[in-house]
Amino acid sequence: MTDLAPHELRILVAVEEEQSFTAAAARLGTTQSAVSHAVRACERKLGAVLFDRGRHGARPTDAGARAVAYARRILRLLAVMGPEVRGAGAAAEEVAGPLRIAAFRSVAAHVLPPVLARLTARYPGLTPRVRIVRELGRGTAGEVADGRADLGLATLDAGGPPPVPGLVSVRLFEETYALAHPQGHPAPRGLPLVDWDENCGSYTRDWWQRQDWIPAATIDVEDDSVAVSLVSQGLGMAIMPRTTLLGAPAGLAVTDLGPRPPSRFVGYVTTPELAGTAAVRALIRELRAAPLPDGLAKA
């Protein structure tokens, strides 16, 4: 097999993101025929069909999705190769460039900001780019595996493997769940349940199934901050992780769930090849050194 050239990798990524050979060509400043030729060359070299072509554009096959993920990761390594080589043995202040982070909403809102404030104060040339990703399916770990992020802040199963095979994962802290309810309510456990899609992961499912007092949800939302806001307005109660309840709005009370509440681990995931780069190492140092808000404990 002949190796793929960087320009071919860029074409694969552009076609996947644009879902069109024509749009990919416009983005790259080339012709549609050149893009088609390059994709056919990649398919010949890799021995697999990478895109389904049709009236609705170009959609990656399973093989194509995997090829594009590798393409993004290789292109990212090529982008950091020069700075990493030039910075070997250089002063820490020379750490610079973009740093792509994927995080779910609550940790991005309440844990990440002071970390990035310290990081950018120490390395002014570093440019963090934070994407909020719902922690469903492959979640933030999938963003890292697919080459869209250098590091992801993810929920991790206790003692289990990384959320996506092939990644490096390290726990940062453990957070318990608590009962959120309107202030002053005499019997909050009897209220209707407000729930959100990401709430019942494998780390809470067993506990949840043992609780005969939890009703079926009467309101189900896609965002945990919306669930908290609804509860603060008296529309029910919710069972939430502690990071979601930080900075709770007026009208919301938080009550412990008992002596053995459910909990989850939060940590970071990255690829083995990016784990040793200067920017990712600098971020990891700040994450590990950061003081935690109340209700969270170092893992």
Side-chain angles (χ1 to χ4, degrees), residues 101-118 130-136 139-140 152-156 158 171-205 207-208 210-211 213-268 286-287 290-299:
I101 303 165
F104 56 94
R105 192 211 62 83
S106 60
V107 76
H110 300 296
V111 176
L112 196 55
V115 169
L116 294 184
R118 289 190 301 272
V130 181
R131 293 184 64 240
I132 307 302
V133 177
R134 298 180 71 197
E135 196 67 337
L136 291 172
T140 58
L153 291 170
T155 54
L156 305 175
R171 297 178 188 171
L172 292 169
F173 62 86
E174 182 179 11
E175 62 175 335
T176 58
Y177 280 65
L179 180 68
H181 57 88
Q183 285 185 354
H185 196 282
R189 291 193 175 204
L191 288 168
L193 177 68
V194 178
D195 205 4
W196 104 100
D197 293 349
E198 300 170 52
N199 202 16
C200 192
S202 60
Y203 29 79
T204 63
R205 190 171 295 116
W207 178 89
W208 199 282
R210 293 195 302 270
Q211 311 306 308
W213 59 275
I214 301 177
T218 57
I219 302 178
D220 200 347
V221 298
E222 292 187 356
D223 187 285
D224 54 349
S225 63
V226 175
V228 169
S229 181
L230 292 172
V231 171
S232 73
Q233 294 298 314
L235 292 173
M237 57 89 173
I239 298 167
M240 295 284 183
R242 291 285 181 174
T243 52
T244 291
L245 300 173
L246 294 171
L252 191 82
V254 178
T255 303
D256 289 342
L257 285 168
R260 288 189 294 275
S263 66
R264 68 178 181 180
F265 290 100
V266 175
Y268 66 83
E286 293 295 342
L287 285 168
L292 293 174
D294 291 341
L296 311 184
K298 290 283 186 182

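We're numbering straight along the sequence, starting at 1.
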I need the full list of side-chain hydrogen bond (donor to acceptor under 3.5 Å, both in side chains) pairs touching residues 243-262, with sequence neighbours left out, sorted by first then second residue.
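Non-adjacent pairs meeting side-chain hydrogen bond (donor to acceptor under 3.5 Å, both in side chains): Ser106-Thr243, Glu175-Thr243, His181-Thr255, Asp224-Thr244, Arg242-Asp256.
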Name all residues meeting the side-chain hydrogen bond (donor to acceptor under 3.5 Å, both in side chains) criterion together with [X]; count only those two or more places apart in sequence or in a different chain, and write none if there are none.
| X | answer |
| --- | --- |
| Thr218 | none |
| Arg189 | none |
| Asp220 | none |

For Leu172 and Val266, what are the C-alpha separation, side-chain angles and deciding distance, and is it a side chain to side chain contact (heavy atoms under 4.5 Å, CB included)?
CA-CA 6 Å; Leu172 292 169; Val266 175; 5.6 Å; no
Considering all heavy atoms, the nearest [X]-[Y] contact:
| X | Y | answer |
| --- | --- | --- |
| Ser232 | Ala250 | CB-O, 3.8 Å |
| Trp196 | Glu222 | CD1-O, 3.8 Å |
| Val231 | Met237 | CG2-C, 3.9 Å |
| Pro182 | Gly234 | CG-CA, 3.7 Å |

State which residues pass side-chain contact (heavy atoms from CB on, under 4.5 Å) with [X]; sequence neighbours excluded, sorted by chain then number.
| X | value |
| --- | --- |
| Gln211 | Trp207, Trp213, Ile214 |
| Ile219 | Val194, Val221, Leu230, Leu235 |
| Leu136 | Arg134, Asp197, Glu198 |
| Ala217 | Leu193, Asp195 |

Give the intermediate values and the outcome of side chain to side chain contact (heavy atoms under 4.5 Å, CB included) for residues Leu287 and Leu153.
CA-CA 10 Å; Leu287 285 168; Leu153 291 170; 4.0 Å; yes
Do any N or O atoms from the side chain of Glu286 and from the backbone of Arg118 form a donor-acceptor pair under 3.5 angstrom?
no
With sequence neighbours left out, write down each residue that passes salt bridge (Lys or Arg N to Asp or Glu O under 4.0 Å) with Glu174, or none if nothing qualifies.
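With sequence neighbours excluded, Glu174 shows a salt bridge (Lys or Arg N to Asp or Glu O under 4.0 Å) to no residue whatsoever.
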Would you give the length of the straight line joining atom OG1 of Thr204 to atom OH of Tyr177, rounded to the nearest 0.5 angstrom?
5.0 Å
Report the C-alpha separation of Val107 and Phe173 in whole Å, then their side-chain angles, then the decisive distance to 0.1 Å, and conclude whether the side chain to side chain contact (heavy atoms under 4.5 Å, CB included) test is met.
CA-CA 11 Å; Val107 76; Phe173 62 86; 4.2 Å; yes
